[in-house]
**Q** 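Attaching a single structure in C-alpha coordinates format; questions to follow.
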Amino acid sequence: MSDLVQRTRDVLPSVRRDLEDLVRVESVWADPARRGEVQRSAAAVAQLLADAGFGEVQIVSEGGAPAVIARHPAPPGAPTVLLYAHHDVQPEGDRAQWDSAPFEPTERDGRLYGRGTADDKAGIAIHLAAFRAHGGDPPVGVTVFVEGEEESGSPSLPRLLAAHREALACDVIVLADSDNWSTEVPSLTVSLRGLADCTVEVATLDHGLHSGLWGGVVPDALSVLVRMLASLHDDDGNVAVAGLHEAAAAGLDYPPERVRQETGLLEGVSEIGSGSVPQRLWAKPAITVIGIDATPVDKSSNTLIPRARAKVSMRVAPGGDAAEHLAALTRHLEQHAPWGAQVTVTPGDLGQPYAVDASGPVYDAARAAFRQAWGAEPVDTGIGGSIPFIAEFAAAFPSAKILVTGVEDPATQAHSVNESLHLGVLERAAVSEALLLARLREHSSDGQIAT
Ligand code: BES
Ligand code: MN
Ligand code: MN
(Lines give C-alpha, C1' and ligand atoms only; values in the text may rest on other atoms or scores of the structure.)
(Ligands and ions follow the chains in the order given, each with its own letter.)
Protein backbone atom coordinates (compact mmCIF):
# COMPACT_ATOMS: atom_id res chain seq x y z
CA MET A 1 0.00 0.00 0.00
CA SER A 2 2.71 2.49 0.91
CA ASP A 3 4.40 1.68 -2.41
CA LEU A 4 1.22 2.75 -4.07
CA VAL A 5 1.27 6.05 -2.21
CA GLN A 6 4.81 6.64 -3.45
CA ARG A 7 3.93 5.62 -6.99
CA THR A 8 1.03 8.07 -7.00
CA ARG A 9 3.36 10.85 -5.85
CA ASP A 10 5.81 9.83 -8.59
CA VAL A 11 3.23 10.20 -11.35
CA LEU A 12 1.87 13.52 -10.07
CA PRO A 13 4.27 15.83 -11.96
CA SER A 14 3.21 14.28 -15.28
CA VAL A 15 -0.45 14.47 -14.26
CA ARG A 16 -0.04 18.11 -13.32
CA ARG A 17 1.39 18.87 -16.80
CA ASP A 18 -1.51 17.05 -18.44
CA LEU A 19 -3.99 18.95 -16.30
CA GLU A 20 -2.40 22.24 -17.33
CA ASP A 21 -2.70 21.28 -21.01
CA LEU A 22 -6.38 20.46 -20.50
CA VAL A 23 -6.99 23.81 -18.78
CA ARG A 24 -5.55 25.61 -21.84
CA VAL A 25 -8.46 24.27 -23.89
CA GLU A 26 -11.47 26.60 -23.56
CA SER A 27 -14.07 23.85 -23.31
CA VAL A 28 -17.12 26.02 -22.63
CA TRP A 29 -19.98 23.98 -24.07
CA ALA A 30 -22.50 26.69 -23.17
CA ASP A 31 -20.77 29.05 -25.64
CA PRO A 32 -21.76 28.00 -29.19
CA ALA A 33 -18.62 29.69 -30.56
CA ARG A 34 -16.40 27.36 -28.51
CA ARG A 35 -17.92 23.99 -29.33
CA GLY A 36 -14.82 23.18 -31.40
CA GLU A 37 -12.80 23.64 -28.21
CA VAL A 38 -15.01 21.08 -26.49
CA GLN A 39 -14.25 18.65 -29.33
CA ARG A 40 -10.53 19.38 -28.88
CA SER A 41 -10.85 18.83 -25.17
CA ALA A 42 -12.57 15.45 -25.66
CA ALA A 43 -9.83 14.43 -28.10
CA ALA A 44 -7.13 15.45 -25.60
CA VAL A 45 -8.79 13.47 -22.79
CA ALA A 46 -9.13 10.43 -25.06
CA GLN A 47 -5.46 10.66 -26.03
CA LEU A 48 -4.32 10.89 -22.40
CA LEU A 49 -6.38 7.83 -21.47
CA ALA A 50 -5.11 5.84 -24.45
CA ASP A 51 -1.50 6.78 -23.60
CA ALA A 52 -2.11 5.76 -19.97
CA GLY A 53 -2.87 2.25 -21.19
CA PHE A 54 -6.64 1.94 -21.53
CA GLY A 55 -7.19 -0.68 -24.19
CA GLU A 56 -10.48 0.68 -25.43
CA VAL A 57 -11.07 4.42 -25.76
CA GLN A 58 -13.93 6.05 -27.61
CA ILE A 59 -15.37 9.52 -28.05
CA VAL A 60 -19.15 9.32 -28.09
CA SER A 61 -22.04 11.73 -28.42
CA GLU A 62 -25.78 11.48 -28.74
CA GLY A 63 -26.63 14.82 -30.29
CA GLY A 64 -24.91 16.74 -27.49
CA ALA A 65 -21.36 17.33 -26.31
CA PRO A 66 -18.66 14.69 -26.90
CA ALA A 67 -17.97 12.40 -23.95
CA VAL A 68 -15.07 9.99 -23.53
CA ILE A 69 -15.37 6.37 -22.44
CA ALA A 70 -12.21 4.40 -21.70
CA ARG A 71 -12.16 0.81 -20.48
CA HIS A 72 -9.75 -1.49 -18.78
CA PRO A 73 -11.46 -4.86 -18.33
CA ALA A 74 -11.82 -6.40 -14.87
CA PRO A 75 -9.58 -9.34 -14.00
CA PRO A 76 -11.68 -12.47 -13.38
CA GLY A 77 -13.75 -12.11 -10.20
CA ALA A 78 -12.80 -8.46 -9.66
CA PRO A 79 -15.35 -5.66 -9.64
CA THR A 80 -15.53 -2.83 -12.17
CA VAL A 81 -15.17 0.75 -10.98
CA LEU A 82 -16.47 3.63 -13.10
CA LEU A 83 -14.55 6.88 -12.64
CA TYR A 84 -16.57 9.97 -13.59
CA ALA A 85 -15.52 13.55 -14.30
CA HIS A 86 -16.53 16.28 -16.77
CA HIS A 87 -14.29 18.09 -19.23
CA ASP A 88 -16.58 21.03 -19.95
CA VAL A 89 -16.17 24.18 -17.88
CA GLN A 90 -18.17 27.24 -16.92
CA PRO A 91 -17.70 30.44 -18.93
CA GLU A 92 -14.84 32.53 -17.51
CA GLY A 93 -16.99 35.62 -16.84
CA ASP A 94 -15.34 39.02 -16.79
CA ARG A 95 -11.70 38.44 -17.81
CA ALA A 96 -10.69 41.76 -16.26
CA GLN A 97 -11.55 40.40 -12.81
CA TRP A 98 -9.09 37.49 -13.08
CA ASP A 99 -5.66 37.99 -11.51
CA SER A 100 -4.13 35.75 -14.22
CA ALA A 101 -5.48 34.67 -17.61
CA PRO A 102 -8.39 32.23 -17.07
CA PHE A 103 -7.11 29.63 -19.54
CA GLU A 104 -3.42 29.90 -18.67
CA PRO A 105 -2.85 27.76 -15.57
CA THR A 106 -0.78 29.74 -13.07
CA GLU A 107 0.59 28.68 -9.68
CA ARG A 108 0.41 31.04 -6.71
CA ASP A 109 0.82 30.05 -3.05
CA GLY A 110 0.33 26.34 -3.57
CA ARG A 111 -2.75 26.76 -5.73
CA LEU A 112 -3.18 26.37 -9.47
CA TYR A 113 -5.40 29.11 -10.89
CA GLY A 114 -7.48 28.84 -14.05
CA ARG A 115 -10.97 27.94 -15.26
CA GLY A 116 -11.54 24.22 -14.76
CA THR A 117 -8.35 23.62 -12.73
CA ALA A 118 -10.69 22.27 -10.05
CA ASP A 119 -14.19 21.99 -11.61
CA ASP A 120 -13.68 19.52 -13.04
CA LYS A 121 -10.48 18.93 -14.96
CA ALA A 122 -8.87 18.00 -11.63
CA GLY A 123 -11.33 15.11 -11.55
CA ILE A 124 -9.88 13.86 -14.84
CA ALA A 125 -6.38 14.37 -13.43
CA ILE A 126 -6.91 12.19 -10.37
CA HIS A 127 -8.44 9.41 -12.48
CA LEU A 128 -5.32 9.49 -14.65
CA ALA A 129 -3.09 9.58 -11.57
CA ALA A 130 -4.77 6.58 -9.96
CA PHE A 131 -4.54 4.56 -13.18
CA ARG A 132 -0.90 5.48 -13.78
CA ALA A 133 -0.01 4.76 -10.15
CA HIS A 134 -1.19 1.21 -10.81
CA GLY A 135 1.11 1.05 -13.83
CA GLY A 136 -1.86 0.99 -16.19
CA ASP A 137 -2.90 -2.37 -14.80
CA PRO A 138 -5.08 -1.91 -11.71
CA PRO A 139 -6.43 -4.96 -9.88
CA VAL A 140 -10.04 -4.02 -10.68
CA GLY A 141 -11.84 -3.20 -13.90
CA VAL A 142 -11.70 0.55 -14.52
CA THR A 143 -13.98 2.48 -16.84
CA VAL A 144 -13.44 6.21 -17.16
CA PHE A 145 -16.42 8.31 -18.25
CA VAL A 146 -15.77 11.99 -18.88
CA GLU A 147 -18.81 13.93 -20.03
CA GLY A 148 -18.78 17.26 -21.85
CA GLU A 149 -22.00 19.06 -20.93
CA GLU A 150 -22.31 18.78 -17.15
CA GLU A 151 -22.31 22.55 -16.75
CA SER A 152 -25.23 22.73 -19.17
CA GLY A 153 -27.38 20.28 -17.23
CA SER A 154 -26.33 17.14 -19.19
CA PRO A 155 -29.29 17.17 -21.58
CA SER A 156 -28.12 14.28 -23.78
CA LEU A 157 -26.97 12.11 -20.89
CA PRO A 158 -30.02 9.82 -20.74
CA ARG A 159 -29.40 8.98 -24.41
CA LEU A 160 -25.68 8.41 -23.78
CA LEU A 161 -26.45 6.09 -20.88
CA ALA A 162 -28.90 4.13 -22.98
CA ALA A 163 -26.61 3.90 -26.02
CA HIS A 164 -23.55 2.80 -24.01
CA ARG A 165 -25.22 0.84 -21.26
CA GLU A 166 -22.92 -2.12 -21.51
CA ALA A 167 -19.73 -0.10 -21.65
CA LEU A 168 -20.77 1.90 -18.57
CA ALA A 169 -22.04 -0.98 -16.43
CA CYS A 170 -20.14 -1.17 -13.14
CA ASP A 171 -20.23 -2.24 -9.50
CA VAL A 172 -19.04 1.07 -8.07
CA ILE A 173 -19.03 4.58 -9.48
CA VAL A 174 -16.69 7.27 -8.18
CA LEU A 175 -17.73 10.81 -9.13
CA ALA A 176 -14.83 13.17 -8.57
CA ASP A 177 -16.77 16.42 -8.92
CA SER A 178 -17.44 17.69 -5.44
CA ASP A 179 -15.94 19.53 -2.53
CA ASN A 180 -13.84 18.78 0.55
CA TRP A 181 -14.49 19.95 4.10
CA SER A 182 -11.15 21.78 4.09
CA THR A 183 -7.74 21.45 2.46
CA GLU A 184 -6.78 19.09 5.32
CA VAL A 185 -10.03 17.16 5.85
CA PRO A 186 -11.71 15.23 3.03
CA SER A 187 -15.45 14.95 2.45
CA LEU A 188 -17.59 12.16 1.19
CA THR A 189 -20.57 13.93 -0.34
CA VAL A 190 -23.70 12.09 0.69
CA SER A 191 -26.41 14.39 -0.64
CA LEU A 192 -26.81 16.87 -3.47
CA ARG A 193 -29.56 19.30 -4.26
CA GLY A 194 -31.39 19.17 -7.56
CA LEU A 195 -31.96 22.07 -9.89
CA ALA A 196 -34.92 23.56 -11.72
CA ASP A 197 -34.77 26.82 -13.62
CA CYS A 198 -36.98 28.94 -15.82
CA THR A 199 -37.19 32.22 -17.67
CA VAL A 200 -40.02 34.55 -16.70
CA GLU A 201 -41.05 37.22 -19.15
CA VAL A 202 -43.37 40.11 -18.29
CA ALA A 203 -45.19 42.34 -20.77
CA THR A 204 -47.34 45.34 -19.88
CA LEU A 205 -47.40 47.53 -22.98
CA ASP A 206 -47.13 46.93 -26.69
CA HIS A 207 -44.49 49.64 -27.01
CA GLY A 208 -42.42 51.91 -24.79
CA LEU A 209 -43.99 55.16 -23.62
CA HIS A 210 -42.76 58.54 -22.45
CA SER A 211 -42.42 58.01 -18.69
CA GLY A 212 -43.57 61.52 -17.89
CA LEU A 213 -46.56 61.38 -20.16
CA TRP A 214 -47.84 58.02 -18.87
CA GLY A 215 -45.88 57.20 -15.69
CA GLY A 216 -48.25 56.78 -12.75
CA VAL A 217 -51.11 55.60 -14.93
CA VAL A 218 -49.87 52.44 -16.68
CA PRO A 219 -47.20 50.02 -15.28
CA ASP A 220 -43.77 49.43 -16.74
CA ALA A 221 -42.70 45.78 -17.13
CA LEU A 222 -39.52 46.03 -15.08
CA SER A 223 -41.32 47.35 -11.96
CA VAL A 224 -43.77 44.48 -12.35
CA LEU A 225 -40.97 41.93 -12.73
CA VAL A 226 -39.12 43.26 -9.71
CA ARG A 227 -42.24 42.93 -7.52
CA MET A 228 -42.73 39.36 -8.71
CA LEU A 229 -39.11 38.46 -8.00
CA ALA A 230 -39.32 40.11 -4.57
CA SER A 231 -42.28 37.85 -3.72
CA LEU A 232 -40.05 34.76 -3.97
CA HIS A 233 -38.61 35.36 -0.45
CA ASP A 234 -40.10 36.52 2.83
CA ASP A 235 -38.57 39.34 4.87
CA ASP A 236 -36.14 36.91 6.53
CA GLY A 237 -34.89 35.64 3.20
CA ASN A 238 -36.67 32.28 3.38
CA VAL A 239 -38.11 30.97 0.15
CA ALA A 240 -41.80 31.97 0.04
CA VAL A 241 -43.01 29.61 -2.70
CA ALA A 242 -45.64 27.17 -1.41
CA GLY A 243 -45.34 23.41 -1.70
CA LEU A 244 -41.55 22.92 -1.75
CA HIS A 245 -39.76 20.02 -0.08
CA GLU A 246 -37.44 20.28 2.91
CA ALA A 247 -35.15 17.46 4.10
CA ALA A 248 -32.96 17.14 7.21
CA ALA A 249 -29.23 17.84 7.09
CA ALA A 250 -26.50 16.37 9.26
CA GLY A 251 -25.77 18.43 12.38
CA LEU A 252 -22.32 19.69 11.39
CA ASP A 253 -20.94 22.85 12.93
CA TYR A 254 -20.62 25.69 10.43
CA PRO A 255 -19.85 28.90 12.28
CA PRO A 256 -20.96 32.29 10.90
CA GLU A 257 -17.33 33.48 10.62
CA ARG A 258 -16.65 30.56 8.28
CA VAL A 259 -19.61 31.54 6.09
CA ARG A 260 -18.37 35.13 5.96
CA GLN A 261 -14.84 34.08 5.11
CA GLU A 262 -15.78 31.51 2.43
CA THR A 263 -18.31 33.74 0.69
CA GLY A 264 -16.77 37.20 0.91
CA LEU A 265 -20.00 38.54 2.40
CA LEU A 266 -19.57 42.29 2.74
CA GLU A 267 -19.48 44.22 6.00
CA GLY A 268 -22.97 44.78 7.36
CA VAL A 269 -24.66 42.29 5.00
CA SER A 270 -26.42 39.50 6.91
CA GLU A 271 -27.12 35.88 6.06
CA ILE A 272 -30.59 34.97 4.85
CA GLY A 273 -33.05 32.24 5.82
CA SER A 274 -33.59 30.32 9.03
CA GLY A 275 -32.08 27.07 10.26
CA SER A 276 -28.47 25.91 10.57
CA VAL A 277 -26.07 26.57 7.70
CA PRO A 278 -25.99 22.87 6.63
CA GLN A 279 -29.80 22.83 6.79
CA ARG A 280 -30.12 25.88 4.54
CA LEU A 281 -27.31 24.81 2.19
CA TRP A 282 -28.04 21.13 1.75
CA ALA A 283 -31.59 20.43 2.88
CA LYS A 284 -33.74 23.44 2.06
CA PRO A 285 -34.76 24.81 -1.32
CA ALA A 286 -33.09 28.02 -2.52
CA ILE A 287 -34.15 30.46 -5.21
CA THR A 288 -31.78 32.85 -6.96
CA VAL A 289 -32.30 35.36 -9.74
CA ILE A 290 -29.34 34.70 -12.04
CA GLY A 291 -30.01 37.15 -14.86
CA ILE A 292 -32.24 39.98 -16.03
CA ASP A 293 -32.85 41.42 -19.48
CA ALA A 294 -34.19 44.93 -19.52
CA THR A 295 -32.85 48.26 -20.73
CA PRO A 296 -29.26 48.64 -19.41
CA VAL A 297 -28.61 51.76 -17.34
CA ASP A 298 -26.27 53.26 -19.95
CA LYS A 299 -29.03 53.07 -22.54
CA SER A 300 -31.84 54.12 -20.25
CA SER A 301 -34.10 57.01 -21.07
CA ASN A 302 -37.34 58.31 -19.62
CA THR A 303 -39.33 55.49 -21.09
CA LEU A 304 -41.76 53.00 -19.57
CA ILE A 305 -40.20 49.61 -20.39
CA PRO A 306 -42.78 47.39 -22.18
CA ARG A 307 -41.14 43.96 -21.65
CA ALA A 308 -38.56 42.49 -19.29
CA ARG A 309 -37.39 39.02 -18.41
CA ALA A 310 -35.40 37.21 -15.76
CA LYS A 311 -33.87 33.80 -15.28
CA VAL A 312 -34.75 32.20 -11.97
CA SER A 313 -32.79 29.23 -10.65
CA MET A 314 -34.06 26.99 -7.87
CA ARG A 315 -32.24 24.31 -5.85
CA VAL A 316 -34.30 21.31 -4.81
CA ALA A 317 -33.68 19.53 -1.50
CA PRO A 318 -32.99 15.77 -1.55
CA GLY A 319 -36.27 13.88 -1.66
CA GLY A 320 -38.01 16.59 -3.69
CA ASP A 321 -38.94 16.27 -7.36
CA ALA A 322 -37.40 18.85 -9.68
CA ALA A 323 -40.35 18.88 -12.11
CA GLU A 324 -42.89 19.39 -9.31
CA HIS A 325 -40.76 22.18 -7.90
CA LEU A 326 -40.62 23.90 -11.27
CA ALA A 327 -44.41 23.65 -11.50
CA ALA A 328 -44.73 25.25 -8.03
CA LEU A 329 -42.36 28.07 -9.00
CA THR A 330 -44.24 28.66 -12.25
CA ARG A 331 -47.58 28.84 -10.40
CA HIS A 332 -46.12 31.24 -7.87
CA LEU A 333 -44.82 33.59 -10.56
CA GLU A 334 -48.07 33.51 -12.49
CA GLN A 335 -50.08 34.23 -9.35
CA HIS A 336 -47.84 37.07 -8.18
CA ALA A 337 -48.04 39.23 -11.27
CA PRO A 338 -49.48 42.57 -10.12
CA TRP A 339 -51.93 44.67 -12.14
CA GLY A 340 -52.83 41.88 -14.54
CA ALA A 341 -49.43 42.00 -16.26
CA GLN A 342 -48.91 39.31 -18.91
CA VAL A 343 -46.51 36.62 -17.73
CA THR A 344 -44.87 33.84 -19.71
CA VAL A 345 -42.79 31.27 -17.86
CA THR A 346 -40.55 29.14 -20.05
CA PRO A 347 -39.19 26.02 -18.34
CA GLY A 348 -35.41 25.50 -18.40
CA ASP A 349 -33.16 22.75 -17.02
CA LEU A 350 -34.20 20.06 -14.59
CA GLY A 351 -31.86 17.92 -12.51
CA GLN A 352 -32.97 15.64 -9.71
CA PRO A 353 -31.46 15.82 -6.21
CA TYR A 354 -29.84 12.75 -4.73
CA ALA A 355 -29.13 11.26 -1.31
CA VAL A 356 -26.60 8.44 -1.18
CA ASP A 357 -26.68 5.44 1.12
CA ALA A 358 -23.21 5.95 2.58
CA SER A 359 -22.84 2.60 4.31
CA GLY A 360 -21.54 -0.88 3.59
CA PRO A 361 -18.21 -2.36 2.48
CA VAL A 362 -17.58 0.07 -0.39
CA TYR A 363 -17.94 3.03 1.97
CA ASP A 364 -15.74 1.26 4.53
CA ALA A 365 -13.09 0.86 1.82
CA ALA A 366 -13.42 4.50 0.77
CA ARG A 367 -13.15 5.81 4.33
CA ALA A 368 -10.07 3.65 4.95
CA ALA A 369 -8.45 4.93 1.73
CA PHE A 370 -9.22 8.56 2.63
CA ARG A 371 -7.96 8.13 6.19
CA GLN A 372 -4.68 6.74 4.89
CA ALA A 373 -4.21 9.33 2.14
CA TRP A 374 -5.19 12.41 4.14
CA GLY A 375 -4.25 11.36 7.67
CA ALA A 376 -7.69 12.62 8.69
CA GLU A 377 -11.15 11.12 9.12
CA PRO A 378 -13.43 11.96 6.16
CA VAL A 379 -16.59 13.94 6.93
CA ASP A 380 -19.97 13.05 5.45
CA THR A 381 -21.33 16.27 3.97
CA GLY A 382 -24.08 17.42 1.70
CA ILE A 383 -23.53 19.95 -1.02
CA GLY A 384 -25.89 22.66 -2.16
CA GLY A 385 -24.82 22.19 -5.78
CA SER A 386 -26.11 19.64 -8.26
CA ILE A 387 -24.76 16.83 -10.40
CA PRO A 388 -27.83 15.73 -12.40
CA PHE A 389 -25.89 12.76 -13.73
CA ILE A 390 -26.10 11.01 -10.37
CA ALA A 391 -29.85 10.45 -10.26
CA GLU A 392 -29.85 9.48 -13.96
CA PHE A 393 -27.05 7.04 -13.37
CA ALA A 394 -28.64 5.56 -10.24
CA ALA A 395 -31.87 4.98 -12.17
CA ALA A 396 -29.98 3.25 -15.01
CA PHE A 397 -27.76 1.15 -12.71
CA PRO A 398 -29.67 0.66 -9.45
CA SER A 399 -27.25 -1.90 -8.02
CA ALA A 400 -24.08 0.19 -8.44
CA LYS A 401 -22.70 1.80 -5.29
CA ILE A 402 -22.21 5.57 -5.66
CA LEU A 403 -19.26 7.46 -4.17
CA VAL A 404 -19.11 11.23 -4.58
CA THR A 405 -15.61 12.57 -3.98
CA GLY A 406 -13.88 15.67 -5.27
CA VAL A 407 -10.86 17.86 -5.64
CA GLU A 408 -12.42 21.18 -4.68
CA ASP A 409 -11.97 22.92 -1.34
CA PRO A 410 -13.71 25.90 0.30
CA ALA A 411 -11.39 28.40 -1.43
CA THR A 412 -11.82 26.99 -4.95
CA GLN A 413 -14.31 29.61 -6.23
CA ALA A 414 -15.77 27.27 -8.84
CA HIS A 415 -17.88 29.14 -11.44
CA SER A 416 -16.44 32.46 -10.28
CA VAL A 417 -13.34 34.39 -11.28
CA ASN A 418 -9.95 33.15 -10.00
CA GLU A 419 -11.05 29.50 -9.74
CA SER A 420 -8.23 27.45 -8.28
CA LEU A 421 -7.09 24.01 -7.23
CA HIS A 422 -5.16 23.39 -4.00
CA LEU A 423 -2.14 21.30 -5.08
CA GLY A 424 -1.99 19.46 -1.76
CA VAL A 425 -5.63 18.45 -2.20
CA LEU A 426 -4.84 17.24 -5.73
CA GLU A 427 -2.16 14.94 -4.32
CA ARG A 428 -4.30 13.64 -1.44
CA ALA A 429 -7.30 13.06 -3.72
CA ALA A 430 -5.12 11.19 -6.23
CA VAL A 431 -3.57 9.00 -3.52
CA SER A 432 -7.05 8.31 -2.08
CA GLU A 433 -8.32 7.11 -5.43
CA ALA A 434 -5.28 4.92 -6.13
CA LEU A 435 -5.68 3.32 -2.67
CA LEU A 436 -9.42 2.92 -3.19
CA LEU A 437 -8.89 0.91 -6.39
CA ALA A 438 -6.55 -1.41 -4.48
CA ARG A 439 -8.99 -1.80 -1.59
CA LEU A 440 -11.95 -2.49 -3.85
CA ARG A 441 -10.07 -5.47 -5.24
CA GLU A 442 -10.75 -7.16 -1.96
CA HIS A 443 -14.42 -7.28 -2.82
CA SER A 444 -15.65 -9.75 -5.40
CA SER A 445 -17.86 -8.68 -8.28
CA ASP A 446 -20.56 -11.21 -7.48
CA GLY A 447 -22.92 -8.98 -5.58
CA GLN A 448 -21.08 -8.57 -2.30
CA ILE A 449 -19.74 -5.22 -3.33
CA ALA A 450 -23.01 -3.69 -4.39
CA THR A 451 -24.59 -3.87 -0.97
N1 BES B 1 -19.05 20.35 -9.56
C2 BES B 1 -20.31 21.03 -9.57
C3 BES B 1 -21.24 20.54 -8.48
C4 BES B 1 -20.79 21.05 -7.15
C5 BES B 1 -21.17 22.32 -6.76
C6 BES B 1 -19.96 20.30 -6.33
C7 BES B 1 -20.73 22.82 -5.55
C8 BES B 1 -19.51 20.81 -5.13
C9 BES B 1 -19.89 22.07 -4.74
C10 BES B 1 -20.93 20.88 -10.93
O11 BES B 1 -20.00 21.07 -11.96
C12 BES B 1 -21.96 21.95 -11.15
O13 BES B 1 -21.61 23.10 -11.17
N14 BES B 1 -23.20 21.56 -11.37
C15 BES B 1 -24.21 22.46 -11.82
C16 BES B 1 -25.30 21.63 -12.43
C17 BES B 1 -26.32 22.37 -13.21
C18 BES B 1 -25.76 23.03 -14.43
C19 BES B 1 -27.44 21.45 -13.62
C20 BES B 1 -24.72 23.29 -10.66
O21 BES B 1 -24.74 22.85 -9.50
O22 BES B 1 -25.08 24.46 -10.90
MN1 MN C 1 -18.32 20.02 -11.65
MN1 MN D 1 -19.60 23.27 -12.06
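Predicted, not measured: the structure shown is a model, and the values here were computed from it. Computed from heavy atoms alone, side chains included, the values below leave out hydrogens, waters and symmetry copies. Atoms within a ligand are numbered from 1 in the order they appear, just like the ligands themselves.
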**Q** Has Arg367 got its NZ or CZ under 6.0 Å from the middle of the six-membered ring of Trp374, at an angle within 45 degrees of the ring axis?
**A**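 No; the conditions do not both hold, so Arg367 does not lie above the ring face of Trp374.
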**Q** May I ask you to identify the nearest protein heavy atom to atom 3 (C) of ligand 1, giving residue, atom name and distance to one decimal place in Å?
**A**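 Scanning the protein heavy atoms, the shortest distance from atom 3 (C) of ligand 1 goes to Ser386 O, 3.6 Å.
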**Q** Answer yes if the ring centres of Phe370 and Tyr363 are under 6.0 angstrom apart, and no otherwise.
**A** no
**Q** Does this structure show an ion pair linking Arg24 with Asp21, if we count only N-O contacts that are shorter than 4.0 Å?
**A** yes
**Q** I want to confirm something. Looking only at heavy atoms, which of Gln90, Arg193, Glu149, Arg315 is nearest to atom 20 (C) of ligand 1?
**A**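 Considering heavy atoms of Gln90, Arg193, Glu149, Arg315, the nearest to atom 20 (C) of ligand 1 sits in Arg315.
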**Q** Determine whether the side chain, the backbone, both or neither of Pro388 has a heavy atom under 4.0 Å from any heavy atom of ligand 1.
**A** side chain
**Q** Where the Mn ion (ligand 2) is the corner point, what angle links OD2 of Asp177 with NE2 of His86, to 10°?
**A** 80°
**Q** Out of all atoms in ligand 1, which are within 4.0 Å of some heavy atom of His86? Include the element for each.
**A** 11 (O)
**Q** Side chain or backbone, does Ser152 bring an N or O within less than 3.5 Å of an N or O on ligand 1?
**A** no
**Q** Quick one: nearest non-hydrogen protein atom to atom 11 (O) of ligand 1, plus distance?
**A** Glu150 OE1, 2.7 Å
**Q** Does NZ or CZ of Arg35 lie under 6.0 Å from the centre of the six-membered ring of Trp29, at an angle within 45° of the ring axis?
**A**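 Yes, Arg35 lies over the aromatic ring of Trp29.
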**Q** Determine whether any heavy atom of Ser178 lies closer than 4.0 Å to an atom of ligand 1.
**A** yes
**Q** Could you list the atoms of ligand 1 found under 4.0 angstrom from a heavy atom of Leu195?
**A**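 Numbered from 1, ligand 1 contributes 19 (C).
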**Q** Whether Glu92 and Arg115 form a salt bridge (side-chain N of Lys/Arg under 4.0 Å from carboxylate O of Asp/Glu) is what I want to check.
**A**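 Here Arg115 does not pair with Glu92 in a salt bridge, since their nearest N and O are not under 4.0 Å apart.
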**Q** Please tell me if the side chains of Arg111 and Thr412 come closer than 4.5 Å, counting only heavy atoms from C-beta onward.
**A**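 Contact flag for Arg111/Thr412 side chains = yes.
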**Q** Distance under 4.0 Å to a non-hydrogen atom of Glu151: what atoms of ligand 1 satisfy this?
**A** 11 (O), 12 (C), 13 (O), 18 (C)
**Q** Identify the protein heavy atom lying closest to atom 8 (C) of ligand 1, giving its residue, its atom name and the separation to 0.1 Å.
**A** Ile383 CD1, 3.4 Å
**Q** What atoms of ligand 1 come within less than 4.0 Å of a heavy atom belonging to Gly385?
**A** 5 (C), 21 (O)
**Q** Output yes when Arg280 and Glu271 qualify as a salt bridge under the 4.0 Å nitrogen-oxygen rule, no when they do not.
**A**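 Salt bridge present between Arg280 and Glu271.
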**Q** Compute the centroid of each ring, for Phe131 and then for Phe54, and state whether the two points are separated by less than 6.0 Å.
**A**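 Yes, the ring of Phe131 comes within the 6.0 Å limit of the ring of Phe54, centre to centre.
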**Q** Aromatic contact between Trp98 and Phe103, with the criterion being ring centroids under 6.0 Å apart: yes or no?
**A**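 No, they do not, as the ring centres are separated by 6.0 Å or more.
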**Q** With a 4.0 Å cut-off on heavy atoms, is Asp119 touching ligand 1?
**A**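 Yes, Asp119 has a heavy atom closer than 4.0 Å to ligand 1.
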**Q** Do Asp321 and Gln352 have side-chain atoms, one donor and one acceptor, less than 3.5 Å apart?
**A**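 Checked: Asp321/Gln352 side chains pair up, N/O donor to acceptor below 3.5 Å.
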**Q** Check the side chains of His87 and Ser41 for a donor-acceptor pair under 3.5 angstrom, ignoring hydrogens and angles.
**A**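 Yes - a donor-acceptor pair under 3.5 Å links their side chains.
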**Q** Yes or no: does Asp349 have any heavy atom under 4.0 Å from an atom of ligand 1?
**A** no
**Q** From the N, O or S atoms in Asp119, identify the one nearest to the Mn ion (ligand 2).
**A**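 Considering only N, O and S atoms, Asp119 comes nearest to the Mn ion (ligand 2) through OD1.
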**Q** So, of the N/O/S atoms that Glu151 has, which is the nearest one to the Mn ion (ligand 3)?
**A** OE2
**Q** Using a 4.0 Å cutoff against the non-hydrogen atoms of Gly153, which atoms of ligand 1 qualify?
**A**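 Within the 4.0 Å cut-off of Gly153, ligand 1 contributes 18 (C), 19 (C).
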**Q** Look at atom 1 (N) of ligand 1 and say which protein heavy atom is nearest, naming residue and atom and giving the distance to 0.1 Å.
**A**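 Here the nearest protein heavy atom works out to Asp177 OD1, 2.8 Å.
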